[in-house]
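Please read the structure below before turning to the comments.
Computed from heavy atoms alone, side chains included, the values below leave out hydrogens, waters and symmetry copies.
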Amino acid sequence: MSLLPSTSRVLDVDRDDLATRRIAYFSMEIALSTALPTYSGGLGMLAGDTLRSAADMAAPMVAISLVHRRGYFSQHLDAVGQQTESDVPWSPETTLPSAEQVVTLSMQGRSIKVCAWRFDVVGAAGHIIPVFLLDTDLEGNDEYDRHLTDHLYGGDTYYRLCQETVLGLGGVAMLRALGVQPEVYHMNEGHAALLGIGLLEERLGAASLDQATEDDVAAIAQLCVFTTHTPVPAGHDQFVTDQMYAVLGAERGKTIERFGCLHNALLNMTYLALRFSRYVNGVSMEHGKVSQEMFPEYRVHSITNGVHAATWISDPLQALLDAEIPEWRRDNQYFRSIYGVSLTRIANCHAKSKQRLLDEVALRTGKQFNPNVLTLGFARRVATYKRASLLFSDPKRLAKIAKKIGGIQILFAGKAHPADAAGKGLIRDVFTAAASLKLDSVNMLYLENYDWELGALLTQGVDLWVNTPLRPYEASGTSGMKAALNGVPSLSVLDGWWIEGCAENLTGWAIERADTEDGEAASLYDKLENLIAPLYQRPSAWARMQQHCIGINGTFFNTHRMLGQYFSNAYFPQISPEEAVPIEADLQAAAAKSSAAKQSTKSSVAKESKKPSPATDETAPPLEETTPA
């Protein structure tokens, strides 16, 4: 893995600029660059896309995460699909500039020093979103503590609670050291929930947390927004109270208990975040409803996820859009104008992306796929509820369909968490199925080490994106959105984003609800055989569907739209959407007006300096400072 040079994508953000940042975005993982292993999957990708849109939209944001010196992991698969892992070490010292601040936390009954490294997310017009990656690897810290920011989602539950303490409490302390006083703190999942305790401590000053009142908690909640991302119980971090007291100390532990932040006698980070937030949302319409049922005592809204278009659209399609619809980069609503672009040119862009994908497959595996054969993609974090094996649950029927339509090619990819034995078993199942089907017109490969770059190649280059989650566990799902932006339709269970994105026979197809997995598999095979394959054999009709995917789904399922909804609904709901949502053109106009006003003031001052001085200072009117519009 190549790392960024020390000057790449790192610009200057001074202290005065940091003081203007109104929103602080906290996330345990953020996909900042293909070269930095600071993410594991969907949550980190969403965080990175959010910040990339924030930079494009000139949003007044700053972000906090951990440095993850040894990354998530690099995946290795043997001939039968057995996964093993290795670290992905990197050195922030040789890659990023220091934030030049060190803060001290009290945790585990001792003091821990925390520094930070800065990565600047740069928008299309040059606006910067500074991201500060917290790091405990400092001399003077206990040896255990020095490794707390090494592994993303690594270690045991005690290690994880220590990490989340650094993120929440350390993040608040670092912002203060940098001179940042946000009006809004956005918790992207519950990992950062302890920031509420940090803000409460700050509010009380020298007073003990024992003196905190409901009014104090309500005041902190007015500052906080919380996005919950999963209905899967394992996705909600929880810790036994012995660990809570050992890591956080008696005063914080008692405060958490006193304000009802335990659930089933455990410190549950989701419930802690709920208690300290004024606005809570799920990440799709359906997920909002599911979360409302899970947390009936709180009001749960929904803001459907999106993806950053300029990050995920293929180079050939970007070139076409730049030539035909250049406004798309600043306003994704212009994807609707794809209906003015010829179908042939759209299809040609996808053909180039497909060939690029198949070239990479050949380079990685030595296997040549046919660019003229219908190619399916299934790539995501490997978990049992994702049901990767549903696609080949009836191998005889799949082989029959393949023979009928001239073959099927299927590309799988995805990592299982190192501790997820069931997930690792699913990978082996795919390898077994691939071996049994290889002589039956079905070519199936599992690609190793699914990451940002491979994810982009797959969503840009396959013909059909497949998603088979067990309802209602798909909170959103963004891979299908990336595919849609590239004109790739989906065949998916109606869950998460696809409930909103599926226009049958226009943007893709729904795997119909059934009482059994066999019933859902039958729906998948029926549509593949009777609707999808025949349409694929009509190139003009298939290109029309590609156009619909971009024009209908691309217009909505993007982080520009999503972030705008956060601004007008979650961050600043008390003001009009026009005032709440930053618009790059308006901000540039305001900056130009400000610059002109300052120049005018300087000119006036110069003219006044040439006049005779007044008799006394008292008789001279003060100069009126021009305020930027």
Side-chain angles (χ1 to χ4, degrees), residues 10 13 18 21 23-33 36-40 43-44 47-48 51 61-72 89-108 110-121 129-155 159-180 182 185-199 201-202 237 247-248 269:
V10 176
V13 178
L18 287 173
R21 303 295 169 140
I23 303 118
Y25 185 85
F26 281 65
S27 185
M28 178 61 81
E29 53 170 304
I30 305 177
L32 296 169
S33 162
L36 299 182
T38 55
Y39 68 96
S40 71
L43 182 70
L51 298 180
M61 295 176 73
V62 62
I64 296 287
S65 188
L66 302 186
V67 72
H68 305 305
R69 283 175 171 269
R70 304 195 70 80
Y72 185 45
W90 70 289
S91 171
E93 291 88 348
T94 59
T95 310
L96 299 176
S98 169
E100 300 181 350
Q101 294 291 337
V102 176
V103 298
T104 302
L105 301 182
S106 172
M107 58 181 282
Q108 303 179 91
R110 57 180 177 264
S111 294
I112 298 177
K113 294 186 293 183
V114 181
C115 68
W117 306 93
R118 196 187 75 232
F119 182 98
D120 290 327
V121 179
I129 303 296
V131 183
F132 295 98
L133 305 176
L134 305 180
D135 186 4
T136 60
D137 188 14
L138 291 171
E139 285 191 25
N141 279 344
D142 181 89
E143 186 63 23
Y144 178 84
D145 299 339
R146 293 188 69 163
H147 297 287
L148 288 177
T149 51
D150 277 1
H151 291 97
L152 173 58
Y153 304 136
Y159 181 88
R160 288 284 295 274
L161 181 54
C162 288
Q163 281 193 323
E164 295 182 18
T165 303
V166 172
L167 179 64
L169 298 180
V172 170
M174 184 58 68
L175 288 176
R176 294 301 174 268
L178 292 165
V180 186
Y185 296 80
H186 186 169
M187 292 173 272
N188 188 43
E189 251 313 337
H191 309 115
L194 285 166
L195 72 81
I197 300 299
L199 293 173
E201 290 179 336
E202 183 179 70
D237 284 356
V247 174
L248 299 176
M269 302 303 275

Side-chain touch [X]/[Y], heavy atoms, less than 4.5 angstrom:
X    : Y    : answer
N188 : E29  : no
W117 : S98  : yes
F119 : I30  : no
V166 : M107 : yes
T38  : S65  : no
L66  : L152 : no
Y153 : R160 : yes
I197 : L169 : yes

Can you tell me how the ring of Y159 sits relative to the ring of Y144, calling it parallel under 30°, perpendicular over 60° and tilted otherwise?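 The arrangement is perpendicular - the two ring planes meet at more than 60°.
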Tell me the closest heavy-atom pair linking [X] and [Y], and the distance in Å.
X    : Y    : value
D135 : P92  : OD2-CG, 4.4 Å
P37  : W90  : CG-CD1, 3.4 Å
A177 : V103 : CB-CG1, 3.7 Å
E139 : K113 : O-NZ, 2.8 Å
M187 : L195 : CG-CD2, 3.5 Å
A63  : L51  : CB-CD1, 3.6 Å

Just verifying a value: how many Å separate [X] [atom1] and [Y] [atom2], rounded to the nearest 0.5 Å?
X    : Y    : atom1 : atom2 : result
Q163 : L194 : CD    : CG    : 12.5 Å
T149 : L133 : OG1   : CG    : 10.0 Å
H68  : L134 : NE2   : CG    : 9.5 Å
M28  : S40  : CE    : OG    : 10.5 Å
L105 : T136 : CG    : OG1   : 9.5 Å
I112 : S106 : CD1   : OG    : 8.5 Å

Full working for side-chain contact (heavy atoms from CB on, under 4.5 Å) between H191 and M269: CA-CA 7 Å; H191 309 115; M269 302 303 275; over 6 Å; no
Holding to side chain to side chain donor-acceptor pair (under 3.5 Å), I want the full list of residues that pass it with Q108, two or more places apart in sequence or in another chain.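 Per chain and number, Q108 pairs via side chain to side chain donor-acceptor pair (under 3.5 Å) with R110, D145, Y158.
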Test salt bridge (charged side-chain N to carboxylate O under 4.0 Å, His left out) applied to D137 - qualifying residues, sequence neighbours left out: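 R69, R146.
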side-chain contact (heavy atoms from CB on, under 4.5 Å) for V180 and F132? Distances and angles first, verdict last. CA-CA 12 Å; V180 186; F132 295 98; 5.7 Å; no
Looking at residues at least two apart in the chain, or sitting in another chain, which of them share a ring-ring contact (aromatic ring centres under 6.0 Å, His included) with H186?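 Partners of H186 by the ring-ring contact (aromatic ring centres under 6.0 Å, His included) criterion, ordered by chain and then number, come out as Y25, Y566, Y571.
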